[in-house]
Amino acid sequence: MRDVSTLLEALPYIREFHGQTVVIKYGGAAMEDPELREGFARDVVLLKYVGMNPIVVHGGGPEITSYMNRLDIPVEFVGGLRVSSAETVEIAKMVLVGKVNKDIVSRLNRGGQPAIGLSGDDGRLFLCERTAAPGGEDVGFVGRITKVNTDVLRHVADDYIPVIASVGTDREGNSYNVNADEAAGAVARALRAYKVLFLTDVSGWLRDPDNPLSRISQATAQEVEDALTTIAGGMRPKLQACVESIHGGVTAAHIVDGRVPHSILLELFTDEGIGTKIKAAE
């Protein structure tokens with residue numbers, strides 16, 4: 001009976017989300033653990049089968065770091081952003097576009113739904129300009145997305161699951177490393193997505209970063225914005241992307257623990273959810 005009740009609980013959400021675009025930022029443990037990788041692919045395929053339009057945006061930080069370490073290239077982060085020389089961007093493109101992206105596409109294809117891999121370079125999907133860290137520090141070739149070519153995405157998403165690697169170019173053709181959280185938020189805003197989900201390695205936005213039980217289950221964009229100056233590390237770009245998504249017309253943004261099997265389905269299709277839901281003030 002428990003399985004039946006779970007299906008009945010999911011039904012109104014499936015009805016509500018039918019035909020809607022959901023952008024998923026994929027990263028962290030969900031990308032690294034073999035079982036979680038397969039579970040993620042099955043979950044995204046299920047979203048497509050029940051009539052939603054999932055779009056996956058991914059980074060690949062640990063793999064980029066691994067390759068940089070092998071090549072004795074210094075690894076440095078400022079304000080949650082990777083300091084990126086031209087050499088770092090070249091490695092990021094090699095890893096994200098050539099390896100990580102194709103691995104994700106392959107798993108989705110095996111799951112029963114055709115997927116197509118894209119990067120910010122394809123069809124000038126992401127037009128970027130150089131940006132600095134939150135404190136104004138120079139972080140090299142890190143790009144802020146100024147335009148998303150939605151025509152490319154709409155054509156692909158009609159029949160396929162788009163899988164987007166977070167790199168982009170400027171008008172002169174220079175390549176940039178783009179924070180995957182920001183990229184997911186930019187895609188969600190440009191498409192006026194119904195929801196955007198950020199998979200991470202904590203249970204959600206925590207009142208106390210040292211206390212995993214201090215998860216905030218719901219918050220308004222204004223509450224998050226008021227708290228941003230007190231937040232550091234990798235959670236800051238996620239919350240910033242959530243706020244910008246809501247201001248850009250996205251109905252709700254979610255920060256979800258990707259270490260939990262089927263976390264996407266649990267967040268979307270159950271009454272309680274498992275992460276932090278951020279929406280506009282009522």
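Along the sequence shown, residues carry numbers from 1.
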Looking at side-chain heavy atoms only, is the closest gap between [X] and [Y] below 4.5 Å?
X      : Y      : answer
Ile116 : Val105 : no
Cys242 : Ile255 : yes
Phe40  : Leu199 : yes
Val196 : Val22  : no
Val100 : His58  : yes
Pro212 : Val202 : no

Using the rule that Ile, Leu, Val, Met, Phe, Trp and Tyr join whenever any side-chain heavy atoms are under 4.5 Å apart, tell me whether [X] and [Y] fall into a single cluster.
X      : Y      : answer
Leu108 : Tyr26  : yes
Val256 : Val250 : no
Ile24  : Val260 : yes
Val142 : Ile145 : no
Phe269 : Tyr194 : yes

Enter the distance from [X]:[atom1] to [Y]:[atom2] here, rounded to the nearest 0.5 Å.
X      : Y      : atom1 : atom2 : value
Asp121 : Leu127 : CG    : CG    : 11.0 Å
Ser245 : Lys25  : OG    : NZ    : 13.0 Å
Ile64  : Met94  : CD1   : CE    : 9.5 Å
Arg215 : Asp208 : CZ    : CG    : 15.0 Å
Lys279 : Lys277 : NZ    : NZ    : 5.0 Å
Asn174 : Thr169 : CG    : OG1   : 8.5 Å

Over all heavy atoms of both residues, which pair between [X] and [Y] is shortest? Give the atoms and the distance, please.
X      : Y      : answer
Ala180 : Gly59  : CB-N, 3.6 Å
Leu96  : Ser166 : CD1-OG, 4.0 Å
Met52  : Leu268 : CE-CD1, 4.2 Å
Val152 : Gly123 : CG2-O, 3.9 Å
Val50  : His18  : O-ND1, 3.2 Å
Ala165 : Val97  : CB-CG2, 4.1 Å

If we ignore angles and hydrogens, is there a donor and acceptor under 3.5 Å between the side chains of [X] and [Y]?
X      : Y      : answer
Ser84  : Asn177 : yes
Ser175 : Lys93  : yes
Arg82  : Thr65  : yes

Hey, are [X] and [Y] close enough for a salt bridge, meaning a charged N less than 4.0 Å from a carboxylate O?
X      : Y      : result
Lys99  : Glu63  : yes
Arg110 : Glu38  : yes
Arg144 : Asp170 : no

Side-chain donor or acceptor of [X] paired with backbone N/O of [Y] under 3.5 Å:
X      : Y      : value
His254 : Gly275 : no
Asn109 : Ala115 : yes
Asp181 : Pro237 : no
Ser203 : Asp257 : no
Thr276 : Ile216 : yes
Tyr13  : Phe17  : no
Ser119 : Val167 : no
Glu9   : Asp271 : yes
Asn101 : Val163 : yes
Arg124 : Lys147 : no

field: Step-by-step salt bridge (Lys or Arg N to Asp or Glu O under 4.0 Å) determination, Arg189 to Glu244
entry: CA-CA 8 Å; Arg189 294 194 307 275; Glu244 292 176 356; 3.6 Å; yes

field: Asn211/Leu206 under side chain to side chain contact (heavy atoms under 4.5 Å, CB included): CA gap, chis, key distance, verdict
entry: CA-CA 7 Å; Asn211 181 4; Leu206 305 178; over 6 Å; no

message: I'd like to know whether Leu46 forms a side chain to side chain contact (heavy atoms under 4.5 Å, CB included) with Leu265, so could you lay out the CA-CA distance, the side-chain angles of the two residues, the decisive distance to 0.1 Å, and finally the verdict.
response: CA-CA 9 Å; Leu46 176 62; Leu265 303 184; 3.7 Å; yes

Please tabulate, for the side chains in residues 221-233, all donor-acceptor contacts under 3.5 angstrom to protein atoms that are two or more places apart in sequence or on a different chain.
| from | atom 1 | to | atom 2 | distance (Å) |
| --- | --- | --- | --- | --- |
| Gln222 | NE2 | Asp226 | OD1 | 2.8 |
| Glu223 | OE1 | Thr220 | N | 2.9 |
| Glu225 | OE1 | His247 | NE2 | 3.2 |
| Thr230 | OG1 | Ala227 | O | 2.7 |

task: Flag yes if more than 12 heavy atoms outside Glu90 fall under 6.0 Å of its CD atom; otherwise flag no.
output: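 Open: at most 12 neighbouring heavy atoms sit under 6.0 Å from CD of Glu90.
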
- request: Check whether more than 12 heavy atoms from other residues, nucleotides or ligands sit under 6.0 Å from atom CZ of Arg192, and answer yes or no.
  value: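 It does not: Arg192 CZ has 12 such atoms or fewer within range.
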
query: With under 30° as parallel and over 60° as perpendicular, where do the rings of Tyr176 and Phe141 fit, or are they tilted in between?
result: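 Tilted: the ring planes of Tyr176 and Phe141 meet at 30° to 60°.
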
Check against salt bridge (Lys or Arg N to Asp or Glu O under 4.0 Å), Glu32 and Arg37: CA-CA 7 Å; Glu32 298 164 30; Arg37 285 200 299 259; over 6 Å; no

message: Out of the candidates Val57, Val56, Leu153, only one should pair with Leu118 under the side chain to side chain contact (heavy atoms under 4.5 Å, CB included) rule; please name it.
response: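 When side chain to side chain contact (heavy atoms under 4.5 Å, CB included) is applied between Leu118 and each of Val57, Val56, Leu153, only Leu153 qualifies.
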
message: Test of understanding: with side-chain hydrogen bond (donor to acceptor under 3.5 Å, both in side chains), list the residues that count as partners of Ser85, not counting sequence neighbours.
response: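 Once residues adjacent in sequence are excluded, the partners of Ser85 under the side-chain hydrogen bond (donor to acceptor under 3.5 Å, both in side chains) criterion are Thr88.
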
- request: Determine, stepwise, if the pair Leu47 / Ile264 fulfils side chain to side chain contact (heavy atoms under 4.5 Å, CB included).
  value: CA-CA 9 Å; Leu47 297 184; Ile264 294 172; 4.1 Å; yes

message: Using the rule given for side chain to side chain contact (heavy atoms under 4.5 Å, CB included), can you reason through Ile278 versus Leu239, listing the C-alpha separation, both sets of side-chain angles and the distance that settles it, and then say yes or no?
response: CA-CA 9 Å; Ile278 297 165; Leu239 289 171; 3.9 Å; yes

message: Once ring pair (Phe, Tyr, Trp, His ring centres under 6.0 Å) is applied, do any residues pair with Tyr67, and if so which ones, sequence neighbours excluded?
response: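 Residues passing ring pair (Phe, Tyr, Trp, His ring centres under 6.0 Å) with Tyr67: none at all.
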
